[in-house]
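Before I ask anything, let me first share the structure, which is written out below as structure tokens.
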Amino acid sequence: MNISTKLFLVVAIFLLAACGQHNDRAAESMPATDVAMKSAPASDMARAKMADSTGGGEESLTEVSEPSAANSAVKRYIALRHALTVETETEQMQAAFDATVAHCELLKCQILSANYNRETPYSPPSASLSVRVPPRSVEIFLSGLAKNTEVLQHHQDSEDKTDAVIDAEARIKNLTEFRDSLRAMLTDKSAKFKDLIEVQRELVDTQSQLDTIQGVRKVLAQETELVAVNIDFTAKQGITEQGFFSPVAHALKDSGHVMMESFAAVITFFVTILPWLLFGIPMLILARKLWTKIKTRWQNK
């Protein structure tokens with residue numbers, strides 16, 4: 001059997017495995033009684049194997065066990081997200097923001113982004129923080145945040161990523177086996193050079209697909225093994241900003257801004273026409289003198 005035939009058989013086996021995986025996914029969507037009779041044992045074994053390879057030694061709070069059709073525990077991969085809006089005094093926002101970042105680092109969080117905008121004459125300070133927190137440290141982190149700030153809004157949602165994880169694990173398994181088979185073909189010393197080139201090309205393409213799906217699996221692991229927390233820091237408004245005199249305070253602030261903009265426009269106008277005045281006025285005087293001389297000559301004649 002030459003290497004071309006071997007390559008054809010490996011590709012065919014890979015396609016059959018992929019189709020079999022697709023049938024398994026379809027079987028999971030059948031009624032519970034049919035799954036229990038037809039595919040529950042195989043599905044449970046596959047999912048148990050996947051859980052051993054990806055779940056680690058300690059089950060995360062984002063991974064929930066649910067009863068399957070065969071009354072066995074199936075690990076669910078849940079992506080949890082928290083979105084909070086907190087308020088602090090203007091002069092205390094920097095300290096509250098720094099304390100939250102330090103607390104996050106103490107809890108071994110992943111800081112995705114941290115932005116702080118200082119106070120300007122036209123806007124109060126503001127900040128935002130996006131982190132991923134270990135599930136068992138979420139309550140501790142949020143409790144520390146509530147001590148340094150006042151929580152105005154707290155929104156929580158979740159998304160089931162189990163199907164995406166199962167699909168990614170299945171593709172990684174199939175592509176790995178296919179890649180290993182191609183590597184074994186390259187060791188065949190009786191193979192022709194043309195066949196080896198074809199196998200090498202297929203191996204490069206398979207490895208590229210494997211790297212891509214492994215990257216997807218890492219992203220899914222971050223989303224399901226850690227809890228996303230997004231925090232927006234806002235400054236507490238003063239009495240004049242939130243009370244009876246709020247419209248007057250805003251009007252005075254806006255009127256001063258408008259007056260300064262008008263003054264700046266006048267300055268810009270004079271600076272723009274100044275060169276023309278310096279050049280145009282002497283030219284007008286000279287033209288007037290010339291016109292007077294010409295007019296006098298015509299009158300004398």
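FYI, side chains are in, hydrogens and waters are out, and symmetry mates aren't considered; it's all heavy atoms of this structure.
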Item to check | Shortest non-hydrogen contact between Leu186 and Val199, atoms and distance | outcome: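 For Leu186 and Val199, the tightest heavy-atom pair comes out as CD2-CG1, 3.7 Å.
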Checklist entry - Can you tell me if Thr187 uses its side chain to pair, donor with acceptor, with the backbone of Ala184 under 3.5 Å? => result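 Present.
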Item to check | Under 3.5 Å donor-acceptor, Ser137 side chain and Val133 backbone | outcome: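 Pair absent, no side-chain N/O of Ser137 close to backbone of Val133.
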Checklist entry - Closest approach of Ala99 and Asn148, non-hydrogen atoms and distance? => result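 Heavy atoms of Ala99 and Asn148 come nearest at CB-ND2, 3.8 Å.
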Next on the checklist: Between Asn117 and Ser126, is there a side-chain donor-acceptor contact under 3.5 Å, judged purely by atom types and distance?
Outcome noted: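 Asn117 and Ser126 do have a side-chain donor-acceptor pair below 3.5 Å.
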Next on the checklist: Any side-chain to backbone donor/acceptor pair from Thr212 onto Ser208? Under 3.5 Å, distance only.
Outcome noted: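 Looks like yes, one N/O pair under 3.5 Å.
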Checklist entry - Can you name the closest pair of heavy atoms from Ala191 and Leu196 and give their distance? => result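 That closest heavy-atom pairing would be CB-CD2, 3.8 Å.
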Checklist entry - In the hydrophobic cluster built from side-chain contacts under 4.5 Å, what are the other members alongside Met259? => result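 Result for Met259 is Met260.
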Next on the checklist: Can you tell me how far apart CD1 (Ile285) and CG (Leu290) are? Round to the nearest 0.5 Å.
Outcome noted: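 Reported value, rounded in 0.5 Å steps: 12.0 Å.
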Checklist entry - What distance separates Gln214 CD from Thr176 OG1, expressed to the nearest 0.5 Å? => result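 Answer rounded to 0.5 Å: 6.0 Å.
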Tabulate below the donor-acceptor pairs under 3.5 Å that side-chain atoms of residues 83-91 make, not counting sequence neighbours, or state none.
none

Item to check | Lys/Arg-Asp/Glu bridge criterion (N-O < 4.0 Å) met for Arg132, Glu225 | outcome: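 No.
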Checklist entry - Which atom pair, heavy atoms only, marks the closest approach of Leu152 to Thr234? => result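 Minimum heavy-atom contact is CD1-OG1, 4.2 Å.
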Checklist entry - Roughly how far, to the nearest 0.5 Å, is the OG1 atom of Thr206 from the CG atom of Asp180? => result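 Answer rounded to 0.5 Å: 10.5 Å.
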Item to check | Side-chain heavy-atom pair Met93, Pro125 within 4.5 angstrom cut-off | outcome: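 Yes - at least one pair of side-chain heavy atoms lies under 4.5 Å apart.
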Item to check | Joint hydrophobic cluster, Val271 plus Leu274, side-chain heavy atoms closer than 4.5 Å | outcome: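 No, Val271 and Leu274 fall in different hydrophobic clusters.
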Item to check | With Ser158 via side chain to side chain contact (heavy atoms under 4.5 Å, CB included) - residues at least two apart | outcome: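 Here the qualifying residues are Ile78, Leu80.
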Item to check | Phe141 side, atom CZ; Leu145 side, atom CG - distance, nearest 0.5 Å | outcome: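 It is 6.0 Å, given to the nearest 0.5 Å.
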Item to check | Residues that Phe97 engages under ring-ring contact (aromatic ring centres under 6.0 Å, His included), provided they are two or more places apart | outcome: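 By the ring-ring contact (aromatic ring centres under 6.0 Å, His included) rule, Phe97 matches Tyr116, Phe233.
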Checklist entry - Among Val101, Ile231, Val227, Val229, which one satisfies side-chain contact (heavy atoms from CB on, under 4.5 Å) with Val131? => result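 By the side-chain contact (heavy atoms from CB on, under 4.5 Å) criterion, Val131 pairs with just one of Val101, Ile231, Val227, Val229: Val229.
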Item to check | Test salt bridge (Lys or Arg N to Asp or Glu O under 4.0 Å) applied to Asp211 - qualifying residues, sequence neighbours left out | outcome: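 For Asp211 there are no salt bridge (Lys or Arg N to Asp or Glu O under 4.0 Å) partners, ignoring immediate neighbours.
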Next on the checklist: Filter on ring-ring contact (aromatic ring centres under 6.0 Å, His included), then keep only pairs touching residues 147-177, sequence neighbours left out; what's left?
Outcome noted: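 Residue pairs with at least one partner in residues 147-177: His82-His154.
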Checklist entry - Taking all non-hydrogen atoms of both residues, which atom of Lys75 and which atom of Thr162 are closest, and how far apart? => result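 In terms of heavy atoms, the two residues are closest at O-CG2, 3.9 Å.
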Next on the checklist: Going by the rule side chain to side chain donor-acceptor pair (under 3.5 Å), which residues pair with Ser190 if we only count those two or more places apart in sequence or in a different chain?
Outcome noted: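 Side chain to side chain donor-acceptor pair (under 3.5 Å) check on Ser190 returns Asp188.
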Checklist entry - Residues two or more places apart in sequence or in another chain: which of them pass side chain to side chain contact (heavy atoms under 4.5 Å, CB included) with Thr292? => result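 Arg288, Thr296.
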Checklist entry - Got Arg179 and Arg183 here, is their nearest side-chain heavy-atom distance under 4.5 Å? => result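 Yes, close enough: below the 4.5 Å cut-off.
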Item to check | salt bridge (Lys or Arg N to Asp or Glu O under 4.0 Å) partners of Glu159, counting only residues at least two apart | outcome: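 Salt bridge (Lys or Arg N to Asp or Glu O under 4.0 Å) check on Glu159 returns Arg81, Lys161.
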Checklist entry - Looking at CG of Leu220 and CD of Glu169, how far apart are the two atoms once the value is rounded to the nearest 0.5 Å? => result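 It is 9.5 Å, given to the nearest 0.5 Å.
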Can I get a per-line list of side-chain donor-acceptor pairs under 3.5 Å for residues 102-113, giving both atom names and the distance, sequence neighbours left out?
none

Next on the checklist: Using the side chain to side chain contact (heavy atoms under 4.5 Å, CB included) criterion, which residues pair with Ile197? Sequence neighbours excluded.
Outcome noted: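 Ile197: side chain to side chain contact (heavy atoms under 4.5 Å, CB included) contacts with Phe193, Arg201.
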Next on the checklist: Looking at Glu177 and Lys173, is there a salt bridge between them, counting it only when a charged N and a carboxylate O are closer than 4.0 Å?
Outcome noted: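 Yes.
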Checklist entry - Of all residues at least two apart in sequence or in a different chain, which pass the side chain to side chain donor-acceptor pair (under 3.5 Å) check with Asn230? => result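 Asn230: side chain to side chain donor-acceptor pair (under 3.5 Å) contacts with Ser130.
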Checklist entry - If you measure from CG on Asn174 to CD on Gln209, what distance do you get to the nearest 0.5 Å? => result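 Between atom CG of Asn174 and atom CD of Gln209 there are 11.5 Å.
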Checklist entry - Would Tyr77 and Glu223 satisfy side chain to side chain contact (heavy atoms under 4.5 Å, CB included), going step by step from the backbone distance to the final call? => result CA-CA 9 Å; Tyr77 292 83; Glu223 292 180 349; over 6 Å; no
